[in-house]
Asks: 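My questions will all concern the structure given below.
Proteins get letters first, then strands, A, B, ... in listed order; numbering begins at 1 in each.
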2 protein chains.
Amino acid sequence: MGLREDKKDRTRTQLLEAGLDLIHKRGFEATTVADIAAAVSVSPRTLLRYFPTKEDVIVSWVQDGMTIIREELEERLKSEPPVVALLASARAMLAVFDEKSRFFLTIETAIRSNRSISARKEQMIAELTDEVARILASPDRPSPLPWVVAYTVSGTVFALVRATISSWVEGRARTSLPDIFDTAASIVHFEENVTN
Amino acid sequence: MGLREDKKDRTRTQLLEAGLDLIHKRGFEATTVADIAAAVSVSPRTLLRYFPTKEDVIVSWVQDGMTIIREELEERLKSEPPVVALLASARAMLAVFDEKSRFFLTIETAIRSNRSISARKEQMIAELTDEVARILASPDRPSPLPWVVAYTVSGTVFALVRATISSWVEGRARTSLPDIFDTAASIVHFEENVTN
DNA sequence: ACCCTTTTGACACGCAATGCCATTTGTCGT
DNA sequence: ACGACAAATGGCATTGCGTGTCAAAAGGGT
């Protein structure tokens, strides 16, 4: 498949960029779906076929970060113990975003500007937490963790990520994202038998 | 103020209960604002004056839990070190919900049945995380924590709460909520100098 | 050039949420 | 007990998101 997929990718990217741009300038509720669609010369109906809700136009950027963690984790779990692998994956994601820090800040600002966007973001993180816990607890793994343990580990690591991003955005810490993450991670420790 | 406030409280409670009931039976999107309002013989307009959004009819129940944590924390912080106080507050909230476990399960099920409700819930937890972090980092406190540390502690504790509720709802653990919480809490440890 | 599949646009619709104003319902002073 | 005042409610109109449906357009394979 060539031209068709290409066009779809292009439209999607255009919508994503136009959406971020408009929402960043005018604000979230001041920007209608019709506005974003018009900016890309596409019908509103089409936009909602690419993105289930208006929030997703912004929040899709978060998906990228999640993809990094997912892939990184899958790879690392082959050789590293779960906790180490997860921490490293989260750190890797933050390293990527640190490089496009200016861009990342724009997105985070847009997200924080509106309740329904941040709600959606939080919900996605919750889903990812669940997903990662399921992986760590999977019976297919060499030593599957009990559900409570798996969820605790997963949830805690994402708490570290939140803490990192929050500190970074609030500007109370002026170092790099991975550095802040290391600081946060140095505060909490897992039971040794979890780090099998 | 007597009769007026009373009536308001009653209407609010009625809406809350009718809402939970209908949504539990028919599902979230199958239940309209008009339905819930009609069940209490009130105009839809009025319902939306009591609750900003339809989600809030369900999610208000979560507020109660948050109130417990808030109050408990404020009290305990007077005498206990921050981490200990926060952990105890979270545990206290879970103990309360454990007593109305049947009811609590209904609510959690309703929340999990729909994306926009769980999104709203997650966002509220995120806000509470932020709020608690602000308290722990407040310059008014005897030994205020740095922002990263405060946020990490706060976020981690709520991760434990999530893990507890998740394990409990998924039925993989058949003990009480506080017991599960203890298990989760026993897995993570904070740096000693944080537990000042 | 042809047919077949996918994508898009246009229209209609339901419902949540908000603003506005008239009406009702408590509250308080006299 | 009555009337003035404030608060709560209902009804109405409006906007905007999201969905279903179908016809038109664009892409791909022969």
Side-chain angles (χ1 to χ4, degrees), chain A residues 1-16 18-20 22-23 25-60 110-111 113-121 123-124, chain B residues 1-16 18-20 22-23 25-60 110-111 113-121 123-124:
Chain A
M1 301 288 157
L3 213 154
R4 205 167 245 169
E5 301 275 324
D6 277 13
K7 197 174 185 181
K8 274 179 73 175
D9 277 5
R10 241 181 306 128
T11 328
R12 194 189 145 82
T13 311
Q14 283 180 318
L15 286 170
L16 236 30
L20 181 58
L22 285 175
I23 290 170
K25 281 194 301 206
R26 304 189 202 167
F28 184 69
E29 38 263 336
T31 310
T32 69
V33 170
D35 290 338
I36 306 174
V40 191
S41 305
V42 156
S43 79
R45 190 70 186 80
T46 298
L47 186 152
L48 290 167
R49 267 196 274 258
Y50 278 87
F51 304 96
T53 72
K54 194 171 73 164
E55 284 92 39
D56 288 86
V57 177
I58 289 299
V59 130
S60 277
I111 291 175
S113 75
N114 180 270
R115 285 201 144 189
S116 64
I117 316 182
S118 74
R120 189 125 182 72
K121 178 199 169 190
Q123 190 238 352
M124 284 172 59
Chain B
M1 301 286 157
L3 214 154
R4 205 167 245 168
E5 299 276 323
D6 277 13
K7 198 174 183 181
K8 274 177 75 175
D9 276 4
R10 242 182 305 128
T11 328
R12 195 189 143 83
T13 312
Q14 283 180 317
L15 286 169
L16 235 29
L20 181 58
L22 286 175
I23 290 171
K25 282 195 302 208
R26 304 189 202 164
F28 184 70
E29 38 264 336
T31 310
T32 69
V33 170
D35 289 338
I36 306 174
V40 191
S41 306
V42 155
S43 80
R45 191 66 186 83
T46 298
L47 187 151
L48 289 167
R49 266 195 274 258
Y50 279 85
F51 304 96
T53 73
K54 194 171 72 165
E55 285 94 39
D56 287 86
V57 177
I58 289 299
V59 131
S60 277
I111 291 174
S113 75
N114 179 271
R115 286 201 143 190
S116 65
I117 315 183
S118 74
R120 189 124 182 71
K121 178 198 168 189
Q123 190 239 351
M124 284 172 59

Asks: Taking only side-chain nitrogens and oxygens of A:Lys54, does any of them come within less than 4.0 Å of OP1 or OP2 of D:dG16?
Replies: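 For A:Lys54, the contact criterion (side-chain N or O under 4.0 Å from OP1 or OP2 of D:dG16) is not met.
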
Asks: Can you tell me the distance, in whole Å, between the CZ atom of B:Arg115 and the C1' atom of D:dT19?
Replies: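 Going from CZ in B:Arg115 over to C1' in D:dT19 covers 17 Å.
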
Asks: For B:Glu5 and D:dA6, give me the distance from atom CD to atom P, rounded to whole Å.
Replies: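 That distance rounds to 17 Å.
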
Asks: Starting at CG of B:Leu15 and ending at C1' of D:dA8, how long is that distance when rounded to a whole Å?
Replies: 14 Å

Asks: Without decimals, in angstroms, what is the distance between B:Glu29 CD and D:dC17 P?
Replies: 19 Å

Asks: Starting from C1' on C:dT27, measure out to NZ on B:Lys8 and report it in whole angstrom.
Replies: 14 Å

Asks: Any idea which of D:dG18, D:dG27, D:dA7 is nearest the B:Arg4 side chain?
Replies: D:dA7

Asks: Rounded to whole Å, how long is the line connecting atom CD of B:Glu55 with atom C1' of D:dC17?
Replies: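 Result: 13 Å.
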
Asks: Keeping the roles fixed (side chain from A:Lys121, backbone from A:Ile58), state whether a donor-acceptor pair exists under 3.5 Å.
Replies: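 Answer holds: no.
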
Asks: Distance check: side-chain N/O of A:Tyr50 vs OP1/OP2 of C:dT8, anything under 4.0 Å?
Replies: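 Yes.
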
Asks: Examine D:dA8: is either OP1 or OP2 under 4.0 Å from a nitrogen or oxygen in the side chain of B:Lys7? Give yes or no.
Replies: no

Asks: Which heavy atom of A:Arg26 sits nearest to which heavy atom of A:Asp35, and what is that distance?
Replies: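 That closest heavy-atom pairing would be NH1-OD2, 3.3 Å.
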
Asks: Just the rounded figure in Å: distance from C1' of D:dC17 to CZ of A:Phe51.
Replies: 16 Å

Asks: Which pair of heavy atoms, one from A:Ala18 and one from A:Val40, lies closest together, and at what distance?
Replies: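 In this case the closest contact between A:Ala18 and A:Val40 is CB-CG2, 3.8 Å.
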
Asks: As an exercise, state the distance from CD of A:Gln123 to CD of A:Glu55, rounded to the nearest 0.5 Å.
Replies: 10.5 Å

Asks: Considering non-hydrogen atoms only, spot the tightest contact between A:Arg12 and A:Ser60 and give its length.
Replies: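 Reported closest heavy-atom pair: NH2-OG, 3.8 Å.
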
Asks: Just list the side-chain donor-acceptor pairs under 3.5 Å for residues 44-51 of chain B, sequence neighbours left out, or say none.
Replies:
| residue | atom | partner | partner atom | Å |
| --- | --- | --- | --- | --- |
| B:Thr46 | OG1 | B:Ser43 | OG | 3.1 |

Asks: Expected output is a numbered-order residue list: members of residues 37-49 of chain A with a heavy atom under 4.0 Å from any atom of DNA chain D. What is it?
Replies: A:Arg45, A:Leu48

Asks: How close or far is atom C1' of C:dA17 from atom CD1 of B:Ile36, stated in whole angstroms?
Replies: 14 Å

Asks: Hey, could you give me the CD/CG distance between A:Gln14 and A:Asp9, rounded to the nearest 0.5 Å?
Replies: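 If we round to the nearest 0.5 Å, A:Gln14:CD and A:Asp9:CG are 11.0 Å apart.
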
